[in-house]
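Only one structure is covered here, and it is reproduced in the block below.
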Amino acid sequence: MKKILYIIPVLSLILTSCSGSKNTYNALTSYASDVKNSDNELITLFDSSISLTTYNKLDYKKLESLFNDTIQYEHKLFDRYNYYKDGEELINNLKVINDNYATGKKISVDDDLFELLSDSIKITKLSDGYFNPSLGALIDLYSSKLSPLGLTSSNPSDEEINRALTCSTSLNNIEEIIVLDSNDKTVTFNRLDGCNDKVIISLGGIAKGYAIEKMASMISETPSIVDGGRSSMVATSINPNPSRDTWNIAILEPNNKEILGAISVKGMVSFSTSGDYESYYFDNDGVRHHHILNPYSGKSENYYRSISLISTSNNAMMLDALSTSVFNLDSLDKIEDMINRFEEAFDSKIEYLIEVDEGNKVNLIVSEYFNDHLLKDTINYDYVNKIIVR
Amino acid sequence: MELKKNKVDYIIVGIVILFILIFVALYWINADSNGSDVNVYYNNKLVYTMNTSKDEIITLPKTKYSDLLADVVIEVNDGKVRIKDEESPYHYCSTLGYQSGKGSSLICAPNHVRVTIMSSEDSGYDYVPGGAK
């Protein structure tokens, strides 16, 4: 009988160890809810699905509404297509600023919109104009052609492109056209000589990064992932996953959007990726055109398939704008030069991974840090030809 | 010292092995038959839950969900999920095709609908651009 009793602890041990082998990980994800514009139409935030993932119920409950309110608020400020109301008052958002092009009126704006416009001008200069917040007219030329499905469409004519480019500011005149007064937080949107239509400010390449960076800065001590939906994220604090304390970030290959590998980083990390596969079309000659437009040529460039940037601090806005800018540079030396300039200006280390076509696979060109943190056993050589370390 | 083995020892070992086999079998059968929940969200509110283990077609009617462009039909078939029918530019949402990966989502922004295959398992990745985790 005594021996039979021994079975109980033995079985308990077996059952406990077996149930523990199913590695459960209770990540709780909250998505920001769409908002109603002034016409009561439901609008998708930043045209994405923005989420916050936390790792226990208490954090989830505590942060869910803060996250929702923050992302909705930032969206309302930076949306250039819709009006929003705060009670009965119209919010002075980007659409209102664009409406006041060439009116000479000083528009009083919220601190966040003022800061983002100010940062956009700073980044325009830092990127030699490869980031440009005044490309609205050019973007509108392409927007109906671009989609994640890669459909066939005709190109806009050179005449249309040139007309749109004459309505975008340059490195030399941006501060004369978008005049920011830090004393009273006002914006005056002046007329641009030579533009027969309208200059339109579009913050699409930077606004979502700003919003998730803002959110992450409020919860930097709480383990979480603020996900911009398609291409950018910030992970805060230490990953509480019982099986690892690093954040594992997957990298996609550009053709089927399958995972080709992953990078593993401990602690706060910002990540941004720009790829020609996110939103694109093929012209009648079968040439791919995508959403990352070169502000100088008015067209997209096909030097790279994807550029991913990583920083071990909360820098989503800067990375968003930088990954867009470097996509238009025709050499790795130029990319590294620009990254160095941004590192200095933002006092932050930036690492990169660039995907370029090699047959029906890609070569990965990586900075040393990125290579050191690549999870080598995750690299899928069905998609990767080789890894080149710079 | 030599340990003596008797009948009771063999019975104990036999029972332990039997328990292990039963437990492992139940674990796998259970894992397979449970499938994964498929949550359907409208404007980020959970409105319906399906399961990959059971073929099913549901319709979100525009009469009930006013911001849909038209009725949205969602199908679970053979463990995979798709948005079968809807109205959107280029029928973008139905062109997304089937998804079957745990944690992956079908996002139909024009209709404010998201369909997510739920998972509590650790895929090994904390972030995948595009939402699948």
Side-chain angles (χ1 to χ4, degrees), chain A residues 1 3-4 6-7 10-11 14-15 18-19 21-27 29-34 41-42 44 47-49 51 53 68 144 147-149 151 225 227-233 235 239 241-244 246-252 257 259 262 269 271 273 275 278 308 375 378, chain B residues 6-9 11-20 22-24 26-27 30-31 39 41-46 65-68 88-93 95-97 101 103 105-114 116 118-133:
Chain A
M1 184 61 196
K3 286 187 178 178
I4 297 284
Y6 292 142
I7 294 176
V10 171
L11 284 178
I14 292 164
L15 292 173
C18 284
S19 62
S21 70
K22 190 185 177 186
N23 187 11
T24 55
Y25 186 37
N26 292 320
T29 301
S30 169
Y31 286 83
S33 302
D34 299 344
E41 296 162 332
L42 203 56
T44 302
D47 206 18
S48 293
S49 197
S51 66
T53 299
N68 200 48
S144 66
S147 83
L149 303 173
L151 304 168
I225 287 183
D227 178 359
R230 274 203 298 263
S231 55
S232 55
M233 61 81 89
N239 190 351
N241 189 328
S243 61
R244 61 189 142 82
T246 56
W247 299 109
N248 288 1
I249 300 167
I251 314 286
L252 302 186
K257 298 175 203 170
I259 295 171
V269 59
F271 174 86
T273 187
E278 292 171 42
S308 300
L375 293 168
T378 65
Chain B
N6 62 28
K7 236 186 203 174
V8 178
D9 290 326
I11 290 169
I12 290 170
V13 170
I15 290 172
V16 168
I17 291 170
L18 192 66
F19 263 91
I20 292 171
I22 290 169
F23 182 79
V24 169
L26 282 175
Y27 178 85
N30 201 35
N39 283 354
Y41 300 86
Y42 167 73
N43 187 21
N44 291 318
K45 301 277 183 295
L46 181 65
Y65 304 104
S66 59
D67 289 300
L68 298 180
S88 66
Y90 309 114
H91 290 285
Y92 164 71
C93 307
T95 319
L96 292 169
S105 289
L106 292 160
I107 295 166
C108 182
N111 284 295
H112 310 278
V113 168
R114 176 167 53 85
T116 301
M118 305 305 287
S119 170
S120 60
E121 288 171 28
D122 181 9
S123 66
Y125 303 108
D126 299 294
Y127 174 76
V128 180
K133 292 189 183 71

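Since the model is a prediction, treat every value here as computed from it, not as a measurement.
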B/D67 portion near chain A, given a 4.5 angstrom heavy-atom threshold: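 For B/D67, side-chain heavy atoms alone lie under 4.5 Å from chain A.
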
Residue pair [X] / [Y]: nearest heavy atoms and the distance that separates them:
X	Y	answer
A/Y31	B/S105	OH-OG, 4.3 Å
B/K45	A/S33	NZ-OG, 3.7 Å
B/Y90	A/S144	OH-O, 2.8 Å
A/T44	B/A109	OG1-O, 3.5 Å
B/Y125	A/R244	N-NH2, 3.9 Å
A/A250	B/P129	O-CD, 3.2 Å

For the pair B/Y41 and A/S49, evaluate side chain to side chain contact (heavy atoms under 4.5 Å, CB included) and give the outcome as yes or no after the intermediate values. CA-CA 12 Å; B/Y41 300 86; A/S49 197; over 6 Å; no

So, A/N241 versus B/D126: side-chain donor-acceptor pair below 3.5 Å or not?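 Looking only at side-chain atoms, B/D126 and A/N241 do not form any donor-acceptor pair under 3.5 Å.
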
Quick one: [atom1] on [X] to [atom2] on [Y], what's the gap to the nearest 0.5 Å?
X	Y	atom1	atom2	result
A/T29	B/M118	OG1	CE	7.5 Å
A/L42	B/Y65	CG	OH	14.0 Å
A/L149	B/Y92	CG	OH	6.5 Å

Tell me, out of [options], who's got the most heavy-atom pairs with chain B below 4.5 Å.
options	answer
A/T246, A/I249, A/L375, A/D47	A/I249
A/G275, A/S30, A/A235, A/P148	A/P148
A/A32, A/S48, A/A262	A/A32

Main chain of B/N43, side chain of A/D34: is a donor-acceptor contact present, judged purely on distance under 3.5 Å?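 No; judged by distance alone, with no hydrogens or angles, the pair does not exist.
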
